[in-house]
Amino acid sequence: MTTPVAVIADAVAYAQAVEDAVRASAAYYEAGTSTLDDDSYDRLVRAIAGWEAEHPDQVLAGSPTGKVAGGAVEGDVPHTVAMLSLDNVFSPEEFTAWTASLARRLGRDPERYSVEPKLDGLAIAARYTRGRLTRLVTRGDGTAGEDVSHAIGTIEGLPAELTQPVTLEVRGEVLMTTGQFEHANEVRTAHGGTPFANPRNAAAGTLRAKERAYTVPMTFFGYGLLPLADTEPALADTLRACAHSDLMGRAAAYGVNTTAATAVPGVTADTVEAVLERVSEIAALRPSLPFGIDGIVVKADLAADQRLAGSGSRAPRWAIAFKLPAVEKITRLLAVEWNVGRTGVIAPRAVLEPVEIDGSTITYATLHNPADITRRDLRLGDRVMVHRAGDVIPRVEAPVAHLRTGEEQPIVFPEACPRCGSGIDTREQRWRCESGRNCHLVAALSYAAGRDQLDIEGLGHTRVVQLVETALVADLADLFTLTREQLLGLERMGETSTDKLLAALAAAKAQPLSRVLCALGLRGTGRSMSRRIARHFADMDHLRAADAEAIRQVDGIGAEKAPSIVAELAELAPLIDKLAAAGVNMTEPGAVPPVPAVPAADDDARSADDETEATGAGKATTGGEGATGGAGGGPLAGMTVVVTGAMTGALEKLSRNEMNELIERAGGRASSSVSKRTTLVVAGEGAGAKRAKAESLGVRLAAPDEFAALVAEFLDRAASASAGQRV
Ligand code: IVH
C-alpha cells in the first residue's frame, strides 16, 4: 500500500522540498487550489521527515512536519482546545506498531477503539450557544482559525439550532458530496468562474469565499464534541468523561450529522484484528460512497484512555489516521476520443498522459457526454484531476484551472458519427448516431449473444464480425434464420461448429423474455431491470401495449425512464416483430400479466446502471414471483438476498446474473449491497466486505451448499436451462 518515497540528497534539496510543500499546503488550505495532488504531497512530506530524522539540527522552522512550533498564525479566533492533526500509518504493520506504542503508554491495551472514516474535507469548529449556531471557525494553524460564520446556513448537517439549548463546540469536517461538487462547479462556471479541481478544493474555496453572487451547499460530519468556557459545568464534565462513541451518539441526538447516517458508520472494536477488519470494510465501500474519504481514523474510545495517552504538539497519541491509497492524481488531458457503443450512443473518452493511481496505470477516463465537457470547462492540454477508486472506471473530475498555461485548446465535438458518418442525434444529453444500433452492429450482436443475454455459445466476436461482413446478418433477428448451408459457406466453419452454433441458436430462441429484452439492449436497461420488466409484464404483447404510466409500475422505473423505454420499444418494433416471426420466445415463464395500473410515486432517482442497484422493496407486482409459487410463493418469498464470493458445488457454474435469476425465480429479491433490509447473504469462498457487513448487522449468512439446498427445486430448472433444454 505504501508508495516509495524519494530520498532528499542534501540541504539545498531539503530547503526546496520544504518550500514546495509549504506552497502546496498554503494553496490547499487557503485558496482551495492545488499544485500537488495528495499523494505527491504525502510523499514529499515523508521525504522531508526522512531527511529531518537524519539531520535533526538542520530542521527548518517552516517545515510541514511541524516538528518545530511557530508556524504563521492564520486567522484570529483562538481555539479553546487546540485543533490537532493526526499522525498517519499506511499499512496493517504500521498500524499494529502504533497500537503497540499506545499500549506501552497506557501500560495495557486500550479498553476499545472507535473506527470511523477519515472524511476528505476541512476541519471546522462550530460553536453553539444555548443551542444556537453562533460561530464557525476554520482549523487555521490549530491554535487559532479564521471566522467563517458567513457560511452558516449553507452547510447541511450543521443545524442553525440544536434539539437542546446546550452551549458547546461541535468539531467535524466540511466537505462536498460528489453531487454537491458537480453542482458547485456548474454554478461557478455559469458565473464565469474557473472550476474547482476536486470536492475538497471546492469545499475549501467555498467556505472561505465571502462575497459570492451565489451560494452552493456543502455537508458537515461531526467527529468531536467539547465544552466551551461557558458550558454548563455538569454538561462540561459529562462531555469530558464521555467515550468518543457516546459523544457521537449525543451529537446525532442534538441534530448534528455524523457518519452514523452513512454506509460507513463509526463503530467500536475491541481488538486490533477487529479494527483491521473494519478498515478493510470501509476501504471496500470507498468507491461507492457519495463523498470522499482518504483513510480511516482509529481512536482510543474511552476518555480515560485518551487522557492517559495524551497529545503531542501536532497530533494526539490516542488517535491515528490509517491512510488509504490516493484515488486522485493530476495528469494531462491529451485528446478526446469519440466511441460509438452498441446502442449507437457516441461517448467521449479522455486520453490521458499515463498516470499511476493505486497501482494501475491510467491512460483513459470517461467523460460522460458533450454537455458534461462544456459544463466542466475542459480543454485539450489541460492538467486534470483524475479519479479512480476500486474497479470503477476512472473519471476526469475537473481541470486544475490555475495550472493553465494559456496554450490549451478547445475540445472539438464531432459533426458526423465518427464510426459510420451518419448524422448525429443531439436532442438528448447523450448523443447518438442516427443509425442507432445498426451503426455498431457487431457490438450490439456480441452483447446480445453474451452469457447473461441469449447465451449463444460459439458466437464470439470474430464470428459476429464474419457474419456482418459477409452480410448474412443485418440485425439480431437474422441470426435465427441462418441456414446450415449459409454457415458452412463461411471460412473456418466446419460441420461440427455449424451444428453446434445452430443448436445454440435454437436453444437461444427459448430464452425467457427477460433475456430477450436484455439482448435488445434498451438504453439504461441492464440485466436486473430487464428481469423486473419481464416479470411485471409477463409477455412482450403486454409490455408493448403499456404506456409510460403503466411502465412506471415496474419497481425502479420512474417518470424519466418510463417514456424513454416506450420510445425505445417503438424504435425496436420492427426488430421485435422479426424476432417473434423467427420463433424467438417472448414470454417470461411463471409470470402473470399485470392487472390495470395504480399510480406510482416517482423513483427515477435510481442509478441508470441497474445492476449495481438493489432490487429493493418496491411497488406491488402482480405475479412474476417464481415459476411455481405464483405471487409471493417460493422458498425465498419476501426475502432480499445478496450473493458474494465464489460459488461452489451445485452453484459453481452460475454467473452472478444466473444467481440473481435463481433468487428471483425462488420468490426472492436479488440485491448487490448488504443493508439492514437484507435477509440473507450467500457467502462463498473469498467473501470479504459484504460478509463482514452482514455479520456486523446480524444478517443471516448461508454457505453456497446450504443455499443450494434451500432452492434445490429451482436450481434444477436453472441447470436444465443452462444446458439449453429450457422449454
Ligand atoms: S479526529 C484530535 N476524526 O483529518 C483528533 N479527524 O489529518 C483530530 N478528519 O484535522 C481529529 N475525518 O480534519 C478526526 N473521523 C475523523 C476525521 C478527521 C477527517 C480530518 C480532520 C483532521 C485531519 C487530520
Side-chain angles (χ1 to χ4, degrees), residues 28-29 31-34 38 117-124 126 133 136 138 148-160 170 172-223 255-265 285-294 327-328 366-369 371-378 384-389 392 395-401 429 604-608:
Y28 191 78
Y29 283 105
T33 57
S34 32
D38 287 359
K118 185 172 187 305
L119 305 147
D120 195 8
L122 303 99
I124 57 162
L133 180 54
L136 280 185
T138 64
V148 287
S149 302
H150 57 266
I152 291 177
T154 65
I155 308 175
E156 287 167 18
L158 201 53
V170 181
E173 203 83 348
V174 174
L175 50 74
M176 277 194 192
T177 60
T178 316
Q180 286 172 334
F181 167 66
E182 299 286 337
H183 172 71
N185 266 356
E186 208 172 317
V187 174
R188 190 169 158 86
T189 46
H191 278 81
T194 48
F196 285 117
N198 65 8
R200 199 197 162 283
N201 292 347
T206 302
L207 190 63
R208 296 170 60 100
K210 286 212 172 85
E211 278 156 28
R212 268 202 197 152
Y214 53 90
T215 54
V216 285
M218 294 175 279
T219 297
F220 177 83
F221 287 99
Y223 52 66
V256 172
N257 189 39
T258 69
T259 58
T262 71
V264 283
L285 289 167
R286 184 190 199 189
S288 58
L289 295 176
F291 49 83
I293 66 169
D294 57 346
V327 288
E328 278 180 351
T366 56
L367 292 168
H368 304 278
N369 52 56
D372 190 53
I373 293 176
T374 308
R375 214 167 27 233
R376 283 163 201 265
D377 184 26
L378 281 170
V384 290
M385 191 66 89
V386 179
H387 183 106
R388 173 192 169 265
V392 178
R395 64 169 193 265
V396 169
E397 206 149 38
V400 188
Q429 284 221 337
D604 254 343
R606 274 173 183 279
S607 145

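Bear in mind the structure is a predicted one, so any value in this text is a computation, not a measurement.
- Of the inter-residue distances, the one linking Leu119 atom CG with Tyr223 atom OH reads 8.0 Å to the nearest 0.5 angstrom.
- With rounding to the nearest 0.5 angstrom, the CZ atom of Phe220 is 8.5 Å from the CD atom of Glu173.
- Annotation for Leu136 and Ala126: closest pair CD2-CB, 3.6 Å, computed over non-hydrogen atoms.
- In this structure, the separation between CD1 on Ile293 and CG on Leu175 is 11.0 Å, given to the nearest 0.5 Å.
- With rounding to the nearest 0.5 angstrom, the NE2 atom of His183 is 12.0 Å from the CZ atom of Arg375.
- The pair Glu397-Arg376 does not count as a salt bridge, with every side-chain nitrogen at least 4.0 angstrom from each carboxylate oxygen.
- Rounding to the nearest 0.5 Å places OG1 of Thr366 at 8.0 Å from CZ of Arg395.
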CA sep, side-chain torsions, deciding dist, call: Val148, Val174, side chain to side chain contact (heavy atoms under 4.5 Å, CB included):
CA-CA 12 Å; Val148 287; Val174 174; over 6 Å; no

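- Under a 3.5 Å cut-off, the side chain of His150 and the backbone N or O of Leu207 do form a donor-acceptor pair.
- A donor-acceptor pair is defined here as one N or O able to donate and one able to accept, closer than 3.5 Å; no such pair exists between the side chain of Arg388 and the backbone of Val327.
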Does the pair Leu289 and Thr262 meet the rule for a side chain to side chain contact (heavy atoms under 4.5 Å, CB included), with working shown?
CA-CA 8 Å; Leu289 295 176; Thr262 71; 5.6 Å; no

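- The minimum heavy-atom distance between Asn185 and Ala398, with the atom names listed, is ND2-CB, 3.9 Å.
- Separation of atoms CD (Glu328) and CG (Asn201) is listed at 8.0 Å; rounding is to 0.5 Å.
- The backbone N or O of Thr194 sits less than 3.5 Å from a side-chain atom of Arg188, completing a donor-acceptor pair.
- A donor atom on one side chain and an acceptor atom on the other are not found under 3.5 Å apart for Asp372 and Asn369.
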